[in-house]
Amino acid sequence: MSSILVTGALGQIGSELVPALRARFGTNRVIATDLRVVPSSAAAAESPCDHLDCTEAQQLHEAVRRYNVGTIYHLAALLSASAEAAPQLAWCVNMGGLYNVLEVARAYGCGVFFPSSIGAFGPSTPKDATPQVTIQRPTSIYGVTKVSGELLCDYYASRFNVDTRGVRLPGLVSYVAAPGGGTTDYAVEMFIHAVRYGRYTCFIQAGTRLDMMYMPDALSAMIQVMEAKADRLRYRNAYNVTAMSVTPATIADAIRQHIPDFVVDYEVDPVRQAIADSWPRALDDSAAREDWSWAPQFDLQAMTKDMLSRLQDRLAAVRSR
Ligand SMILES: NC(=O)c1ccc[n+]([C@@H]2O[C@H](COP(=O)([O-])OP(=O)(O)OC[C@H]3O[C@@H](n4cnc5c(N)ncnc54)[C@H](O)[C@@H]3O)[C@@H](O)[C@H]2O)c1
């Protein structure tokens, strides 16, 4: 039986996608890899983990051969704020890594999951009910790599018959691993600071509206699109998916339903604000709903309730040690 290789597995998404894939397909069929050193606790023999730099084609070829890989979830990338701080490195990792993954997939017949982003859109994209197929002229280097990545996936699907699939993820809210330098990190930080300190200083303006999603829904989207029947998929670059369209102020209000004294101050970071202002406010994800029955489970209220109780449990566990 072939296995599933995950690149960038120690990041915000990989930390939860790997256990979800292992629960579904078996622990030893899912190979977690990252540029960072895998913690020894996670590197038990029955949970295969490896060091892998996706910019090194040879390392990918060796891993695919060694583990008989049939599917690659390619998560390794620099996120929007980190990419803007190091645009040349971002191009090298985001594009070089994807190119290597697609080449190895072409050589060994692997399926590829590519996580695109709302960052693949730009200021000239319609901001509300953003269509599946529309203008994509992003102004951040992150967005440039995401739209180029989408096109490359399309190309490898049509030219080389590689089974590429993807979703355009919105900002993701989760409690397991810290976010990795994205523009929507404020949403995660807001929940953590609400529980720990009752106060948060937000780097995005109170009224900036963006798509968001709770991690369990994102994991479902990533697994569902890979399991969809190939002949149902009209798009091989990436599908719009969303769960809610929210602002820092509406998230703060939802948190105040549970922590009434929660205070938010605003100290806007112009770089991340400019990135947020260039993104859509609310995606139209009807193509994903039609083609592979996408349906998120968590709205803002459900996500807030679950996030706060999980974080409170974790904090209580730390304090009782
Ligand atoms: N988290 C979000 O809100 C979000 C939203 C939209 C799209 N995405 C996309 O999903 C993917 C994963 O995002 P994430 O939030 O888990 O990111 P993250 O920054 O938390 O994790 C990325 C991981 O990639 C690893 N990495 C960096 N360079 C590497 C290299 N050369 N080789 C191998 N590994 C390398 C890092 O060590 C890190 O563990 C990215 O492609 C990102 O663009 C994320």
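Numbers here simply count residues along the sequence, with the first being 1.
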Would you mind reporting whether [Y] and [X] have side-chain heavy atoms less than 4.5 Å apart?
X: Leu75; Y: Val6; result: yes
X: Asp34; Y: Leu52; result: no
X: His51; Y: Gln59; result: yes
X: Leu315; Y: Arg196; result: yes
X: Cys153; Y: Arg236; result: no

> Counting only heavy atoms not in Arg66, do more than 12 sit closer than 6.0 Å to its CZ atom?
Replying inline: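 Buried by this count: over 12 neighbours within 6.0 Å.
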>> Could you check whether atom OH of Tyr99 has more than 12 heavy atoms from other residues, nucleotides or ligands sitting under 6.0 Å from it?
In response: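 Atom OH in Tyr99 is not crowded, with 12 or fewer foreign heavy atoms closer than 6.0 Å.
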I'd like to know if the side chain of [X] reaches the main chain of [Y], judged simply by a donor and an acceptor atom lying under 3.5 Å from each other, with no hydrogens or angles considered.
X: Thr130; Y: Pro126; value: yes
X: Ser117; Y: Arg168; value: no
X: Gln205; Y: Gln273; value: no
X: Asp211; Y: Leu283; value: yes
X: Thr145; Y: Tyr142; value: yes
X: Thr27; Y: Arg22; value: no
X: Asn100; Y: Cys54; value: yes
X: Ser320; Y: Ala317; value: yes

> Any idea which heavy atoms bring Gly149 and Leu98 closest together, and the distance?
Replying inline: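 So the minimum-distance heavy-atom pair works out to CA-CD2, 3.3 Å.
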> At their closest point, which heavy atom of Ala105 faces which heavy atom of Val112, and how far apart are they?
Replying inline: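 What the structure gives for the nearest pair is CB-CG2, 3.4 Å.
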> Which residues satisfy the ring-ring contact (aromatic ring centres under 6.0 Å, His included) test with Tyr73, sequence neighbours excluded?
Replying inline: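 If we apply the ring-ring contact (aromatic ring centres under 6.0 Å, His included) test to Tyr73, skipping adjacent residues, the hits are Phe113.
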Please check if any side-chain donor atom of [X] sits under 3.5 Å from a side-chain acceptor atom of [Y], or the reverse.
X: Asp253; Y: Gln257; value: no
X: Thr247; Y: Thr208; value: no
X: Tyr214; Y: Asp299; value: no
X: Glu84; Y: Ser140; value: no
X: Arg29; Y: Tyr67; value: no

>> Less than 6.0 angstrom from the centroid, inside 45 degrees of the normal: does Arg106 satisfy that with respect to the ring of Phe160?
In response: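 Pair Arg106/Phe160 counts as cation-pi.
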> Linking I/L/V/M/F/W/Y whenever any side-chain heavy atoms sit under 4.5 Å apart, do Leu102 and Phe114 land together?
Replying inline: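 Linked within one cluster.
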> Does any pair with a residue in residues 225-234 pass side chain to side chain donor-acceptor pair (under 3.5 Å), and if so which ones, sequence neighbours excluded?
Replying inline: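 Qualifying pairs: Arg24-Glu227, Arg234-Glu290, Arg234-Asp291.
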>> Per the ring-ring contact (aromatic ring centres under 6.0 Å, His included) rule, what does the pair list look like for residues 238-287, sequence neighbours excluded?
In response: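 As it turns out, the ring-ring contact (aromatic ring centres under 6.0 Å, His included) pairs with a partner in residues 238-287, which skip direct neighbours, are Tyr235-Tyr239, Tyr239-Trp292.
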